[in-house]
> 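Just dropping this structure here.
Residue numbering restarts at 1 for every chain, and letters A, B, ... go by the order of the sequence lines. A quick note: this is a predicted structure, and the numbers were derived from the prediction, not measured.
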There are 2 protein chains.
Amino acid sequence: MQLDKIVGYHKALADPTRLRMLLLLSQGEMHGQALAEKLNLSQPTVTHHAAKLRSAALIKERREKNTVYFKLNPEFIRKGGEASLQFIFDKGAEDMEEESKEQKLKESVLRNFFAKDGRLRQIPAQYKKKLIALQHIVEQLKPGIVYSEKEINTFIKQYHDDCATIRREFIMHQFMYRENDNYELNPREMWTKWESVK
Amino acid sequence: MQLDKIVGYHKALADPTRLRMLLLLSQGEMHGQALAEKLNLSQPTVTHHAAKLRSAALIKERREKNTVYFKLNPEFIRKGGEASLQFIFDKGAEDMEEESKEQKLKESVLRNFFAKDGRLRQIPAQYKKKLIALQHIVEQLKPGIVYSEKEINTFIKQYHDDCATIRREFIMHQFMYRENDNYELNPREMWTKWESVK
DNA sequence: TATATAATTAGATATATATCTAATAAAATT
DNA sequence: AATTTTATTAGATATATATCTAATTATATA
């Protein structure tokens, strides 16, 4: 009797952290670091859980340079998992919905807070809307270029007169990095996100 | 998010003892004592596992006098469980197969060891086949009737000359009961079965 | 009412496991 | 060759759990 195999399969799924891992992976490949960050775990803990999921044939791995990418085992997806795990596969659809909501919010902010000439009418008071507006502006800067404070001010004034406030917000939300009077765009991964809390 | 419910479900199935319990219950209702005995566990341990299975909605209970009968949750059976548990529901089919194998063996014995006139050609040497032949003969006697040894001998001689051996086998395998010179059919439940060991 | 039977609850113990930090390994970049 | 980055292994710890015995509860029977 292959009882042990069945027990192992269910043990793999009998832990909330591992289910959340599968949930994340249902949205696409991820490497260890990213998983650890998203789940607020140490890297070794991710390794630990990955081992269990792997030996239950729930995930596959791919090594590229020295980083390991995890993904759901395609076999597992094809079979559609079991009823109790349907939510994992439904998650994609749910996120789509979420995403389109955010897309709509963004469009609404661009329409309502920016004038036809592209200038910012006023700084939104709502946190999420403010972030959307700031990001829209900061995206016009080029990555890898070092700007002086004066250049930044001139740039911002194209959009809004209160360049001091906006400049401060750029730093505060980590859109930019400042050293003395030099400003530079941060990588997009560092930008504060307005994603709804799930 | 109902993560906890899903975790609970898989935890319930992530233990060999509980899977064996489900396996036993797939063959029908059982009470606590019987489960404890079959699984070589104490009664409290059975209670412990039953609680987990119950809270995952895998089994149902019914109280009769002071004994509690467990059975698989019909909901669970109807949904057919999940792929990994199919073996539980396959057990019935397996038994069926087993039964038809025995049916075939019986037919073969009747064909090969009994002549056209119904007499036993020879006493089978194989244990299972011998039991089949003996049972076939003994079934011709009427239940509830008390036979003398002489009557039994006459009866057996219709089938085979060595009535002494066969008479002794009748007693040995508890097809009949003997008191002094009186022979009587035992109830069928007492007859030695040739079922294969499972 | 006393006794017997089946089950549950309480409490103890040993094993399993989820998590962390520290150390090591593997691979790439400087 | 030295440093950086990502991952794994080792070891420690705390929590969870499978199992037992002993005590308690629930029900039935003498």
> Does a donor on one side chain and an acceptor on the other come within less than 3.5 Å for E37(A) and Q33(A)?
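No pair is found: no donor N or O on one side chain lies under 3.5 Å from an acceptor on the other.
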> Would you say that L120(B) contacts I166(B) through its side chain, given a criterion of any heavy-atom pair below 4.5 Å between the two side chains?
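Yes; the side chains approach each other to less than 4.5 Å.
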> Answer whether the closest heavy-atom distance between the side chains of I137(A) and F175(A) falls below 4.5 Å.
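No, side chains not in contact.
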> What string of B, S and - do you get for nucleotides 13-22 of chain D 5' to 3' if you count protein non-hydrogen atoms under 4.0 Å?
----SBBBBB
> Distance check needed: dT29(D) P versus E64(B) CD, whole Å only.
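Computing the E64(B):CD to dT29(D):P distance gives 11 Å.
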> Which residue, K71(B), K60(B), E61(B), forms the side-chain contact (heavy atoms from CB on, under 4.5 Å) with E29(B)?
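It is K71(B); the other options fail the test.
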> For I59(B) and dA7(C), what is the distance between atoms CD1 and P respectively, to the nearest whole Å?
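Rounded to whole Å, this separation is 12 Å.
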> Both conditions, 6.0 Å and 45 degrees, for the charged tip of R119(B) above the ring of Y159(B): are they met here?
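No cation-pi geometry.
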> Report, one pair per line, the protein and nucleotides 27-30 of chain C atoms (nitrogen or oxygen only) whose separation is under 3.5 Å.
none

> Output the residues of residues 28-37 of chain A in contact with DNA chain D, where contact means a heavy atom of the residue under 4.0 Å from an atom of the strand; sort by number or write none.
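Those residues whose heavy atoms fall under 4.0 Å from DNA chain D, taken from residues 28-37 of chain A in numerical order, are H31(A), G32(A), Q33(A).
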> Establish, from distance only, whether the side-chain atoms of E149(B) and Y183(B) form a donor-acceptor pair under 3.5 Å.
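A pair is found: one side chain offers a donor N or O, the other an acceptor, under 3.5 Å apart.
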> Please walk me through it: do E64(A) and R62(A) pass salt bridge (charged side-chain N to carboxylate O under 4.0 Å, His left out)?
CA-CA 7 Å; E64(A) 188 177 292; R62(A) 167 177 78 84; 2.7 Å; yes
> Would you check if H31(B) and V68(B) make a side-chain contact, meaning some heavy-atom pair closer than 4.5 Å?
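In short, these two side chains do not touch, never coming nearer than 4.5 Å.
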> Thinking salt bridges, do D4(B) and K11(B) make one under a 4.0 Å N-O criterion?
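Looking at K11(B) together with D4(B), the answer is no, because their closest N to O distance does not fall below 4.0 Å.
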> Taking C-beta and beyond as the side chain, do L185(A) and Y147(A) meet within less than 4.5 Å on heavy atoms?
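In short, these two side chains do not touch, never coming nearer than 4.5 Å.
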